[in-house]
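Only one structure is covered here, and it is reproduced in the block below.
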Amino acid sequence: MNAIIFSAVWGVVMMFSGAFSKNKSLVRYLAIIGSALLLLVNIADLTSQGSPFFQIDTKNMLVFKVFGLLINCVAFGSTLIYFLLSSKDIEEVGPNSGDYFALIFFVLCGVSITTSYNNLLMLFIGIEILSIPLYILTGSSKRNLKSNEAALKYFLMGAFSTGIMLLGIAFLYGASKTGSFFIDEIGIGKAPASPLFVVGLLLMIVSLSFKVSAAPFHFWTPDVYDGSPTVFTSFMATVVKGAAFVAFIRLFADSFVDAQPQWELIIAIIIAATLFIGNITAVFQQSVKRMLAYSSIAQVGFMLFAILGVGAKTNTAQEGIVLYIAAYSLATIGIFAILIKLKDHSFDGFNGLAKQQPLLAATNTVFLLSLAGIPLTAGFFAKYYMLSTALQTGKFFWLVIFAVLCAAVSVYYYFRVIQAMYFKEGEPQQIEVSTGFKSLLVIVAFAIVVLGVFPQLLINLLSSILYF
Amino acid sequence: MIPVLLIAIPLLSGLVGFFIKNGDNAKKWSLFISLATLAVSVYGLTLDKASAALHFEAEWIPSLGSKFSVALDGMSQILSLLTAISFPIIFIATYNKEYKTPGKFYALMLLSQAGLIGVFVSVDALLFYFFWELALIPVYFLSSIWGGEKRIQATFKFFIYTFVGSLLMLVGIIYLYAHTADHSFSLQSFYKLKSAISGKDQSWLFWLFFIAFAIKMPIFPFHTWQPDTYEQSPTAVTMVLSGVMVKMGLFGLIRWLAPVIPGGTWLWGDTASALCIIGMIYASLSAIQQDDLKRLVAYSSIAHIGLMCLAVFATTETGLQGVMIQMFNHGINIIALWIVVELIERQLGTRKISELGGLAQKAPSLAILLVIVSLANVALPLTNAFVGEFLMFSGIYTSTATTYNVVFTVTAGISIILSAVYMLNMIQKVFFGNTNALTENAKDIKWNEKAILAVIVIMIVVVGVFPQPALELTKTTVHAILEKMNYK
């Protein structure tokens, strides 16, 4: 609860700070402090098991379980790192940097609602609070046609998918015996599904697939990610995607787990399509930014395995998804932070970076290896968990093999960047990065490697919290 | 503690190596470290097999049931010895070569050594998988940064191939892990699985692992990365790849596949053997056609590895003993061949057989040493390879695991004859005949190169005449593995 209130309040503070202070760096520091405080507040929530500050009766519309709070931690932590690395670049998007930071805090408010909803209306509100600031951020580069196009496209498609979600909620409401929006009451248990329920379920799958950009509802992703200012793409592809994904997995774990035979094949097909389209299309991209957009689609394909695994007796799916989102967010934010510093966003823009900026190249390599899921990085254990979740279901062996082959394809496009940095000669680009930026990148890369070698550190934390 | 040292010494000093700027210091540092590793490895050989120093176990990821668990048994001893011997040989033989950013080159070399030894000593499947990749990544960078003209495509192909294989193996490992009684990755738990997994599952599990190992060895039809990568890599890396790294595939087959999934191995043994046979004949015929020395040695390596893989599927004691000793011998012999290729190329600037000739007049000691190494490569008596290949052939011939033992023996024998054809043909064209404009001014090799080739020749002859200690070393391992393979 505290995170929801704090992020909303801080968003307002950020809005006014821009109006009252002409000093840009003050605004920036406020944003960084805000995200750090937000993380602390959320950790306080997590550890105290009961809100230490505000006690608000939400009529059970929101519940604050550890899983959601953990995801909040990952989201706020990623935002903090994102601010530390890229907040200066946010200022350069346009004159009103306070507004951008405010919008980001409003998105975080939406994130904390989506991770804690217990009622479909709250899911809807959360997703909307999350999405509307994003439409604005996407179009924030006002004089850029691509940015405008992306914003319009995102808005139209997003509004459409929200409509589908509302329709789905309505059907589920009608199908539930008691006429309820609560997620523990809309499930039908093991009873045979009514047509109303099936339609509602399908509509929910469609709209949530849209939000996490799973195929075949991914068409907006590359254009929106490519068109919006690169700093905001980084945020969208990590924090927002993670939160939307949590909405997805919570709905299926809490409401529809008993109806798994009804939907598991659909999800399996969505996974296969997402992996295939994401990976194969990424291979043909010429721009690293667009490649990362497709790679984020491909990564969602892997994350969706967690949904197949919600029926398992163990918490592997939940543990795995927290690890996956953390590993993916850290690596992606790092890559984007470096990408923003380069003027040329094509693969050739990375040529010779290893000579020019050996430290940037080395950390970027760690991030890319982690995304590709190479051992010794956190990304390996993320993928490991997803594969073992899928194998535990005992079905869909074909899907696991398919996913593994797709992962091999992903090596192709991630390594193109490594090849450009290390093995190709390039014209020297003048890149100015501060020591603080470099050392933070090194810390993030180091964290990825430590998690890759000693995953026990995080697993202990996760299992001690998730199993109590 | 010995296996931990064998991994830790090159790993840590490799990380230090990244910070050495001066080329000479980097060379000396890595040579010193590799000799220290060799000393530890030799010390490990002198210990009693039951000695506690040969085992080490520590908690790693308890919630997944994975331990940092390493041990040296006979097979691990002989392969880590091979790794430990190879690196000093490689460093000395290429001592006169200059690399750009030498600190990084030698650092990556040491890291790959750590990965290789880690693969050979791990008795935990997840740890094995980690080292399997740790060995690969430095080699990828080594080949791609310091390799030949088409290095980027060639090594990338190599990386993708092996990565696909490792991922398939990972799926297999997770599957086996999920079925262990105590949810553990340890080799012992995997060994207990064989009756718990149905024949149908064993059947496809076999391929998950076999493809991974077959790519590494390489076995036809997964070999297409190999000649290109060997050709494009800097020779020092090619030596690592062909001398030591291909043994990872054979090692995996013997340790992690055949005894863990004996049903699948028995079911598909003939198919896999047939692939080996096809590969041997195909590679030998290709080797005859090659004009490039590096490609010739590369194809010859495919043929020899095929024979070893074939002997594993024969499931006989003599055959498996032959494989053990031959893994070591092949590593030594092929490194010697690469050294010769490297010396010729560095001096004359070409590897084309058609452009060379009459070198024996100008470089007599090189010629003598090469002839001995080549004879070992065609398994002439008194050389080390004779012992290994003789044992393997008798193992394949007496095999009861297959009904095609005679066919396999005869076709494998043909490939040995073919190997004599291309090796002798190469010697004749490169070293004998008339000199030409290019070879007119060739000089003989330097003392360090002479010394290192002489050491190898001595090893070839000693193991060839007196193989008993090596056979004793691997005897218990071979028995244990065979017992698990013949579970029917």
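Every chain is numbered from 1 and lettered A, B, ... according to where its sequence line falls, protein lines coming before strand lines. Note that the structure is a prediction, hence the values are computed from the model and not measured. Scope of the values below: all heavy atoms of this structure, side chains included, with no hydrogens, waters or symmetry mates.
Contact of A/Tyr384 with chain B is made through backbone and side chain together, with heavy-atom distances under 4.5 Å. For A/Ala372, the part lying near chain B is the backbone, with the side chain staying farther off; criterion is any non-hydrogen pair under 4.5 Å. The contact between B/Trp204 and chain A is made entirely by side chain atoms (from C-beta outward), counting heavy-atom distances below 4.5 Å. For a residue to count as touching a neighbouring chain, one of its non-hydrogen atoms must lie under 4.5 Å from one of that chain's; by this rule A/Ile401 touches chain B with the side chain only. If you measure heavy-atom distances from B/Leu126 to chain A, the contacts under 4.5 Å come from the side chain alone. Contacts between B/Ile152 and chain A at a heavy-atom distance below 4.5 Å involve backbone atoms as well as side-chain atoms.
Ring centroids of A/Phe381 and B/Phe130 are separated by less than 6.0 Å, placing the two rings close together. Between B/Tyr129 and A/Phe380, the ring centre distance stays below 6.0 Å. The aromatic ring centres of A/Phe454 and B/Trp60 sit 6.0 Å or more apart.
Scanning all heavy atoms of the two residues, the minimum distance from A/Tyr385 to B/Leu64 falls at OH-CD2, 3.8 Å. A pairwise comparison of heavy atoms in A/Ala408 and B/Ile160 identifies O-CD1, 3.8 Å as the closest pair.
Residue A/Phe276 qualifies as open at atom CZ: its count of foreign heavy atoms under 6.0 Å is 12 or below. Residue-environment remark: CH2 (B/Trp268) stays at or below the threshold of 12 foreign heavy atoms within 6.0 Å.
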Might you work through the side chain to side chain contact (heavy atoms under 4.5 Å, CB included) test for A/Thr365 and B/Phe141, ending with a clear yes or no?
CA-CA 11 Å; A/Thr365 307; B/Phe141 278 94; 4.0 Å; yes
One pair to check against side chain to side chain contact (heavy atoms under 4.5 Å, CB included): B/Leu170 and A/Val404. What are the steps and the verdict?
CA-CA 9 Å; B/Leu170 180 66; A/Val404 157; over 6 Å; no
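Among A/Gln392, A/Lys424, A/Gln419, the residue making the largest number of heavy-atom pairs under 4.5 Å with chain B is A/Gln419. Ranked by heavy-atom pairs under 4.5 Å with chain B, the list A/Leu391, A/Val411, A/Leu405 is led by A/Val411.
Atom-to-atom distance recorded for B/Glu133:CD and A/Ile374:CD1 is 6.0 Å, nearest 0.5 angstrom. With values rounded to the nearest 0.5 angstrom, A/Ser388 atom OG is found 12.5 Å from B/Ile173 atom CD1. A/Tyr422 contributes atom OH, which lies 7.5 Å from atom NZ of B/Lys104 (distance to the nearest 0.5 angstrom). A distance of 7.0 Å separates CZ of B/Phe156 from CZ of A/Phe415, quoted to the nearest 0.5 Å.
Ring orientation note: the planes of B/Tyr140 and A/Phe423 are nearly perpendicular, at an angle over 60° on the 30°/60° scale.
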